[in-house]
Each structure stands twice: as structure tokens, then as C-alpha cells.
Amino acid sequence: MHVTAIVPAAGSGARFGATVPKQYLPLAGFPILVWTLRALAASGRIDCVLLVTPPGHEANCRAEILQPHGLTVDQVLPGGVDRQASVYAGLIGAPAETDLVLVHDGARPLVTPEIVRAAVEAAAADGAAVVAMPVTDTIKVTDADSRVEETLPRGRLWAAQTPQVFRAAWLREAHERALRDGFRGTDDSVLVERLGYPVRLVPGSPENLKVTTMADLAQAEQILRSRTRRGGGKR
Ligand code: CTP
Ligand code: MG
């Protein structure tokens, strides 16, 4: 199975509010993106890595993030206006022989090699696999005036994380159809789901957080400290 990883890291980090995109910020001594790329490499299941950066950042990212940390990727590509466009930019660069495409957020540095392997294995078996966690809050749907319209039954709700892994042909078809239909989704799975392909959920981890705010970065530091204490630090 030839597996290509697309790492969308082309966001600006508006909610984080730093002067540089959050994926470049240091986390326990290394840029967030370095942790992400190392975890993918450590899985031993990825044959090709396509990193998607903000347009114009390609050379800088190689010189300032990848090279100093001894990391190589197959291509650094310019991203698009939203996450979906950035993943699509990666998809266009995926080699023709790819069987599976794994998409993993650049801003999820704490993914473990075990989770990556589990997602790849599930997608190899079933065609599409998404790492997810059961929702612990009660989720309500509101109207435009914040009036509750509905409370969803929590037992059936999952929070989707990444990695998300798909047969390459399914993901290409899904992105192309979404583009034609003008459909914008916040993950890749929804694009595949709307074509009717089955998607299997794979257990994620509460530690596989997406760094969105300063508080997430602080929590990520804590988690890495406790991993080092447990002897699981992956530096
Ligand atoms: N991403 C991307 N291209 C975009 C927007 C987002 O590749 N145009 C990436 C981000 O870099 C991140 C992942 O998609 O790795 C998840 O997005 P998110 O956490 O929303 O990051 P940002 O969009 O950078 O943050 P914000 O929404 O706060 O601006
Ligand atoms: Mg965003």
C-alpha cells in the first residue's frame, strides 16, 4: 500500500492571534509543525509527505523549519483560502501510484505513531477511516438568535480529529465533486460521506488536540512533559 500524507499547514492562526502562524510556534523546544512531521515519520507507514504552507512561505518553511531539524518532505506546496483548498492543493501533487491518502492537520502535533498506524490499517481494510473521540459535552443546535432548536443524543456523537485516511480515488472524487457543487466542509470526511462512501471511525486520543488557542499550546506542553516522565517522549 502506497500512502501519501498531506499535511495542511497553510492557515494563518487567526484564533491564536500570534504574529506568525501557530504551526511555527515553539512547543517544548521545537516548532509545532516539527512535532507533527516527526510523529508521521515515526509511524513507518508513510511513503510520501506533501506539506502545504501559506502561499509564499514554501522556501522559508524549508529553510527555517525543515532543514534545521533534519526533516525532509517530498513537496512543499502553496495552500489555498481555506483548509479544503489547501488539502486539494496537496491532492493535486499526490503521486499517481498512491493507494491511500492520509490527511493530518499541521496543528495536531501530539498525534502518536500508533494512532497513525491504526488509521492507515482501517482505511486499507475499509476504504476510509477517521480518528475520532466520543463527545463529552451535550451538543445543542441553535437558530441564528442562539435559541436552542434541538439537543442531539450524545451517545451517537463523535468529535472528528485527524488523521483521516481515504482511498486516493475516493478522496480525489470527493474533492472534485465538492468543488463543482460549491460545497465547503470543515474536514475531508464530510466530502467523502456526501458521496455515500462508508467511513469508519477509529479511536483517537484526548491528547491528539488541535492547537487553536494559547491554552491549547499550554496543555500540549503539559502533555509532552507527562509523556517524557512516562518515558514516551519522542524527540
Ligand atoms: N489550514 C490550511 N489552509 C487554510 C486554513 C487552515 O492548511 N487555508 C490548516 C491549518 O494550518 C491547520 C489545519 O488546517 O493545520 C486546521 O485548521 P485551523 O486549526 O483552523 O488553523 P488556522 O486556520 O490556521 O486557524 P484559525 O482558524 O484560527 O485561523
Ligand atoms: Mg481555520
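Atoms within a ligand are numbered from 1 in the order they appear, just like the ligands themselves.
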Quick one: look up the protein heavy atom nearest [atom] and list residue, atom name and how far away it is.
atom                    : answer
atom 7 (O) of ligand 1  : A10 N, 2.9 Å
atom 21 (O) of ligand 1 : K22 NZ, 3.1 Å
atom 29 (O) of ligand 1 : A14 N, 2.7 Å
atom 14 (O) of ligand 1 : R83 CG, 3.5 Å
atom 28 (O) of ligand 1 : R15 N, 2.7 Å
atom 13 (C) of ligand 1 : D105 OD1, 3.4 Å
atom 17 (O) of ligand 1 : K210 NZ, 4.4 Å

Under the salt bridge (charged side-chain N to carboxylate O under 4.0 Å, His left out) rule, collect the residues that match up with D145, sequence neighbours excluded.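 Counting only residues at least two positions away or on another chain, D145 forms a salt bridge (charged side-chain N to carboxylate O under 4.0 Å, His left out) with R147.
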Aromatic ring pairing W35/F30, orientation class (parallel under 30°, perpendicular over 60°, tilted between):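 Geometry flag for F30 against W35: perpendicular rings.
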Please list, in number order, the atoms of ligand 1 under 4.0 Å from a heavy atom of [X].
X    : result
G106 : 15 (O)
G13  : 22 (P), 24 (O), 25 (O), 28 (O), 29 (O)
S86  : 2 (C), 3 (N), 4 (C), 7 (O), 8 (N)

Tell me, please: is [X] in heavy-atom contact with ligand 1, that is, under 4.0 Å?
X    : value
R108 : no
V81  : yes
V52  : no

Check: [Y] and [X] side chains under 4.5 Å, non-hydrogen atoms:
X    : Y    : value
S205 : E114 : no
F183 : V190 : yes
E207 : I115 : no
I32  : L217 : yes

Test applied, side chain to side chain contact (heavy atoms under 4.5 Å, CB included); reference residue, L37; option that passes from I65, V7, T72: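 With L37 as partner, side chain to side chain contact (heavy atoms under 4.5 Å, CB included) holds for just one option, V7.
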Could you name the option among P8, P78, A9, S12 that has the heavy atom nearest to atom 15 (O) of ligand 1?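 Minimum heavy-atom distance to atom 15 (O) of ligand 1 goes to P8.
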As a check for students: among G17, G11, G79, G80, identify the option with a heavy atom nearest to atom 8 (N) of ligand 1.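 Minimum heavy-atom distance to atom 8 (N) of ligand 1 goes to G80.
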Is it the case that ligand 1 has an N or O less than 3.5 angstrom from some N or O of T212?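 No: no nitrogen or oxygen of T212 is under 3.5 Å from one in ligand 1.
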Residue pairs passing the salt bridge (Lys or Arg N to Asp or Glu O under 4.0 Å) test where at least one lies in residues 49-68, sequence neighbours excluded: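 Checked against salt bridge (Lys or Arg N to Asp or Glu O under 4.0 Å) - neighbours excluded - no pair reaches residues 49-68.
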Does any N or O in the side chain of E149 come within less than 3.5 Å of the main-chain N or O of V141, such that one atom is a donor and the other an acceptor?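 The answer is no, because no donor-acceptor pair under 3.5 Å joins these two groups.
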Spell out, as yes or no, whether a donor-acceptor pair under 3.5 Å connects the side chain of Q75 to the backbone of G93.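 Yes.
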